[in-house]
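Let me begin by presenting the structure, written as structure tokens, before commenting on it.
Atoms within each ligand, like the ligands themselves, are counted from 1 in listed order. What you see is a predicted model, and the numbers here were worked out from it, not measured in a lab.
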Amino acid sequence: MKLAIRAALALLVLFLAACATHAPRPDSNPPLILVSIDGFRADYFERGLSPNLKAIADAGVHAAAMRPAFPTLTFPNHYTLVTGLYPDHHGIVNNTMVDPVLGNFTYKKSSELSARWWEGAEPLWVTADKQGVRTATMFWPGSDVEIRGHRPDYYLPFNGKMTAGQRIDQVLAWLDQPAAKRPRFLTLYFEQLDHESHDHGPGSTEADAALREVDASIGHLVAELEKRDLYKNANLVIVSDHGMAETDAERTVILDSIVDLRHIDLVTSGIAVGINPKPGYEAEVERAMLAPRGHMQCWRKGELPARLHYGTHPRIPALVCVPESGWLIETQEFHSRPNHRMHGGEHGYDNDDPHMRALFLAHGPAFKRGLSVPEFDNVDVYPLLAHLLDIRPEPNDGNPATMREMLQ
Ligand code: AMP
Ligand code: ZN
Ligand code: ZN
């Protein structure tokens, strides 16, 4: 009997020793930090104003560019990044939308709105949550909404007044929690560069200053991660949602000169324009809008070029118009408003427009070092993120082959 107990104890000791040697290594389940720098055009990287991003690229992976989804707007593309679906498939088809059942959506009030706007797809933090991965979102479109009954474990309602430094501090505070509470998937979002590029143009000194500033924030994040031995041991993926084209009030297509405004519902204007003809005026409005003209092209929703992957979702208006890069489509009334911006920047254009190209950088234990990869589509980011988290992805439009080249 004694012998049996001794043998059992010996086995237990052996088992515990084996557990110790096979305990998860600190890098076996590394955290994943997904950072979005709104409006960071791919070629901003070449301006020499972002040394911290350059250092990350030198030690990690940098894509020549990343092609956003159409329309090249903030909400559609952020949701594409975390679902791997084109906007036509995830349902956030514009920043402003009309749904036949749900009514109106404007991104400025997104968090107040019904989850049903978002439930056409399952974002990564929900899939991660279902598979036991703790999540934290320091802003991301959709992250302050309960989707399919789930929310991130930690999140804050969107507040544009929170500084970049405060956002980084929050991410670090989440990471500094004990292991049992620490999130493994985190997002971090910065919008100042997008604001300055809208207000002053992508080539402005203000945009350059915002670029330097966001780069300094990234430098601060890296320094703080290094202090925690996490720079080497966490996977960091830095993206943007779209680029920016320079606009000028002179380059405007005035809608009134094309169609009788009383005969349309203008769902969105500016860049990715959506028009619903009023009942009884369909043929007249189509004739006017579809006629070939300079600086703008319109399609019936089912007839957009296949490469745009856009046109089947019920929230897409009957007619979709896109101006030439750097042009705007506006009503005379809007165009004549006293506060109308004369010069600045916009996005939302065709995703083939080089000005709309986005940023992709990645660094960490999963990634090769000092690798440049060719341009790819932003739907491919989602399968990469799911792989990094070691979770089963939802069905998506991404190509998993894109990530293979980048990974160690
Ligand atoms: P865009 O006009 O497409 O460039 O939209 C960018 C703006 O969307 C940002 O400047 C923010 O003000 C706003 N925004 C970004 N994320 C969120 C969010 N999660 N909730 C509400 N508004 C947001
Ligand atoms: Zn944006
Ligand atoms: Zn913007």
Side-chain angles (χ1 to χ4, degrees), residues 34-42 44 66-83 87 92-97 105-115 117-118 123-125 135-147 151-152 154-164 167 170 186-202 204 206-207 210-211 213-214 238-247 268-274 322 325-326 328 341 344-349 351 353 355-360 378:
L34 173 65
V35 181
S36 164
I37 307 177
D38 200 307
F40 193 117
R41 195 168 80 189
Y44 284 181
M66 185 166 72
R67 184 197 303 263
F70 177 80
T72 52
L73 295 168
T74 298
F75 269 52
N77 273 285
H78 275 90
Y79 216 43
T80 290
L81 287 162
V82 293
T83 60
I92 304 297
V93 299
N94 204 303
N95 283 348
T96 302
M97 301 182 276
F105 173 100
T106 157
Y107 72 112
K108 299 202 166 125
K109 285 199 255 160
S110 66
S111 55
E112 294 163 29
L113 290 157
S114 153
W117 287 98
W118 301 90
L124 188 61
W125 56 84
T135 62
T137 49
M138 187 54 262
F139 302 155
W140 199 275
S143 66
D144 47 6
V145 181
E146 183 178 296
I147 300 174
R151 287 181 183 274
Y154 308 100
Y155 72 96
L156 296 175
F158 183 70
N159 170 12
K161 295 205 176 83
M162 196 170 171
T163 64
R167 297 177 195 194
Q170 179 62 80
L186 303 96
T187 70
L188 176 57
Y189 169 79
F190 301 113
E191 73 272 39
Q192 207 51 37
L193 177 59
D194 178 75
H195 283 188
E196 296 300 330
S197 315
H198 276 298
D199 289 352
H200 307 281
S204 62
E206 290 85 349
L211 180 52
E213 211 171 297
V214 73
I238 305 180
V239 295
S240 67
D241 49 351
H242 51 70
M244 191 70 64
E246 190 171 334
T247 51
T268 52
S269 76
I271 322 293
V273 176
V322 183
S325 182
L328 304 162
R341 204 191 277 141
E346 277 299 346
H347 51 87
Y349 298 99
N351 63 345
D353 175 359
H355 295 114
M356 295 300 107
R357 291 292 190 278
L359 174 75
F360 178 90
N378 71 349

Checklist entry - Between OD1 of D38 and OG1 of T74, what angle is found at the Zn ion (ligand 2), rounded to 10 degrees? => result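 Value returned, to the nearest 10°, is 130°.
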Counting from 1, what ligand 1 atoms have a heavy atom of [X] closer than 4.0 Å?
{"X": "W140", "result": "19 (N)"}
{"X": "H347", "result": "1 (P), 3 (O), 4 (O)"}
{"X": "N95", "result": "1 (P), 2 (O), 3 (O)"}
{"X": "P141", "result": "16 (N), 19 (N)"}
{"X": "H195", "result": "9 (C), 10 (O), 12 (O)"}
{"X": "D194", "result": "4 (O), 6 (C), 10 (O)"}

Checklist entry - Would you say F139 contacts ligand 1, with heavy atoms under 4.0 Å as the rule? => result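 No.
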Checklist entry - Would you call H78 a ligand 1 contact, heavy-atom distance under 4.0 Å? => result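 Outside the 4.0 Å threshold, so no.
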Using modelled atom types and a 3.5 Å cut-off, is there a donor and acceptor pairing between side-chain atoms of [X] and backbone atoms of [Y]?
{"X": "S240", "Y": "L359", "result": "yes"}
{"X": "N77", "Y": "P71", "result": "yes"}
{"X": "Y79", "Y": "W118", "result": "yes"}
{"X": "R167", "Y": "Y189", "result": "yes"}
{"X": "T247", "Y": "G344", "result": "yes"}
{"X": "W140", "Y": "H78", "result": "yes"}
{"X": "R67", "Y": "A358", "result": "no"}

Is [X] close enough to the Zn ion (ligand 3) to have an N, O or S atom under 2.8 Å?
{"X": "D194", "value": "yes"}
{"X": "H347", "value": "yes"}
{"X": "H242", "value": "no"}

Item to check | For the Zn ion (ligand 2), the closest N/O/S atom belonging to D241 | outcome: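 Of all N, O or S atoms in D241, the Zn ion (ligand 2) lies closest to OD2.
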Checklist entry - Quick one: are L34 and L186 in side-chain contact, heavy atoms under 4.5 Å? => result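 Heavy-atom side-chain distance check fails, nothing below 4.5 Å.
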Item to check | Ring center gap for H347 and H355 short of 6.0 angstrom | outcome: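 Between H355 and H347, which both carry aromatic rings, the centre distance is not below 6.0 Å.
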Item to check | Sub-3.5 Å N/O-N/O distance, E191 and ligand 1 | outcome: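 Such a contact does not occur with ligand 1.
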Item to check | Option with minimal heavy-atom separation from atom 18 (C) of ligand 1, where the choices are F158, Y189, Y107 | outcome: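 Among F158, Y189, Y107, the closest heavy atom to atom 18 (C) of ligand 1 comes from F158.
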Item to check | Pair T74, D241: side-chain N/O donor-acceptor within cut-off below 3.5 Å | outcome: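 Note: T74 and D241 side chains meet the donor-acceptor criterion.
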